[in-house]
A.B. asks: 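Take this structure, written in C-alpha cells, and hold onto it; I'll ask about it next.
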Amino acid sequence: MLLVLSCSVFPVVATFTRIEDMNAKPALDGMEYMKELDRGDYDAIKWIQENLSGTPIILEASSDDSSYSYISRVSANTGLPTVIGWARHEQFWGRDDTEIRARFEDVNTIYSTSSKKKLLSS
C-alpha cells in the first residue's frame, strides 16, 4: 500500500516541479515559453503562421545532437517542412542515414558558402 501511495504522489509533484523549473505558467499554447525566452523568435513564428500560405520549405540550421532542442523551432512550431530538422529524431524513426547526412551537409553548405554557383547546386 505504501508503495502504491508513494508512486501516486510522484506525477503530481513532478508536474509542479517541472513547471517551476521551466519558470513558466501552465498554458495550452506550446509557444508560451518563447515569449520570455526569445520574443523575436516568437513574433517571427506568429507572423509566419498568420501570413504565409501553402507549404514553403523552411531552412534552419541543424546539428547531429539536435533532437528535442530549440533547433528547428520554426518548422516545429509552424508545421512547415524543413530540409533537415532533428537529425537524431529522424535516425530514431529509421530514416536513411545517407539521406540525413546529405541534407545536413546541404544545409551547412548553404549557410557557409559565399559562392552563388555552389549555393544553387546544393
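Note that the numbering runs from 1 along the sequence shown for the chain.
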A.B. asks: If I compare all heavy atoms of Trp86 with all of Ile71, which pair ends up nearest, and what's the gap?
C.D. replies: NE1-O, 2.8 Å
A.B. asks: Only pairs under 3.5 Å count here: list side-chain donor-acceptor contacts from residues 47-60, not counting sequence neighbours, and write none if there are none.
C.D. replies:
| residue | atom | partner | partner atom | Å |
| --- | --- | --- | --- | --- |
| Gln49 | NE2 | Asn77 | O | 2.8 |
| Asn51 | ND2 | Trp47 | O | 2.9 |
| Glu60 | OE1 | Arg73 | N | 3.3 |
| Glu60 | OE1 | Val74 | N | 3.0 |
| Glu60 | OE2 | Ser75 | N | 2.9 |
| Glu60 | OE2 | Ser75 | OG | 3.0 |

A.B. asks: Rounded at 0.5 Å granularity, tell me how far OH in Tyr42 sits from CD in Glu36.
C.D. replies: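 So the gap between those two atoms works out to 11.5 Å.
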A.B. asks: Which residues pass the salt bridge (charged side-chain N to carboxylate O under 4.0 Å, His left out) test with Asp43, sequence neighbours left out?
C.D. replies: Arg39
A.B. asks: Could I get the full list of side-chain contact (heavy atoms from CB on, under 4.5 Å) partners for Val9, not counting sequence neighbours?
C.D. replies: Val13
A.B. asks: Could I get the full list of side chain to side chain donor-acceptor pair (under 3.5 Å) partners for Asp38, not counting sequence neighbours?
C.D. replies: none
A.B. asks: Sub-3.5 Å donor-acceptor pair from the side chain of Thr109 to the main-chain atoms of Glu105, do we have one?
C.D. replies: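 Here the side-chain-to-backbone pair exists.
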A.B. asks: Which heavy atom of Ala61 sits nearest a heavy atom of Val107, and at what distance?
C.D. replies: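 Distance-wise, the nearest heavy atoms are CA-CG1, 4.1 Å.
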A.B. asks: For residues Gly85 and Ser72, report the shortest heavy-atom separation together with the two atoms involved.
C.D. replies: CA-OG, 3.2 Å
A.B. asks: Is there a side-chain contact between Met31 and Lys46 in this structure, where contact means two heavy atoms from C-beta onward sitting under 4.5 Å apart?
C.D. replies: yes
A.B. asks: Mind checking salt bridge (charged side-chain N to carboxylate O under 4.0 Å, His left out) for Glu99 and listing every partner two or more places apart, or none if nothing turns up?
C.D. replies: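 For Glu99, the residues satisfying salt bridge (charged side-chain N to carboxylate O under 4.0 Å, His left out) (neighbours in sequence not counted) are Arg103.
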A.B. asks: Any chance you could measure Ser62, atom OG, to Glu90, atom CD, to the nearest 0.5 Å?
C.D. replies: 9.5 Å
A.B. asks: For Leu5, which residues count as a side-chain contact (heavy atoms from CB on, under 4.5 Å) partner, sequence neighbours excluded?
C.D. replies: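 Residues passing side-chain contact (heavy atoms from CB on, under 4.5 Å) with Leu5: Ser8.
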A.B. asks: Could you grab the distance from atom CD1 of Ile84 to atom OG1 of Thr82, nearest 0.5 Å is fine?
C.D. replies: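 Rounded to the nearest 0.5 Å, the CD1-OG1 separation comes out at 8.0 Å.
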A.B. asks: What distance separates Asp97 CG from Phe104 CZ, expressed to the nearest 0.5 Å?
C.D. replies: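 It is 11.5 Å, given to the nearest 0.5 Å.
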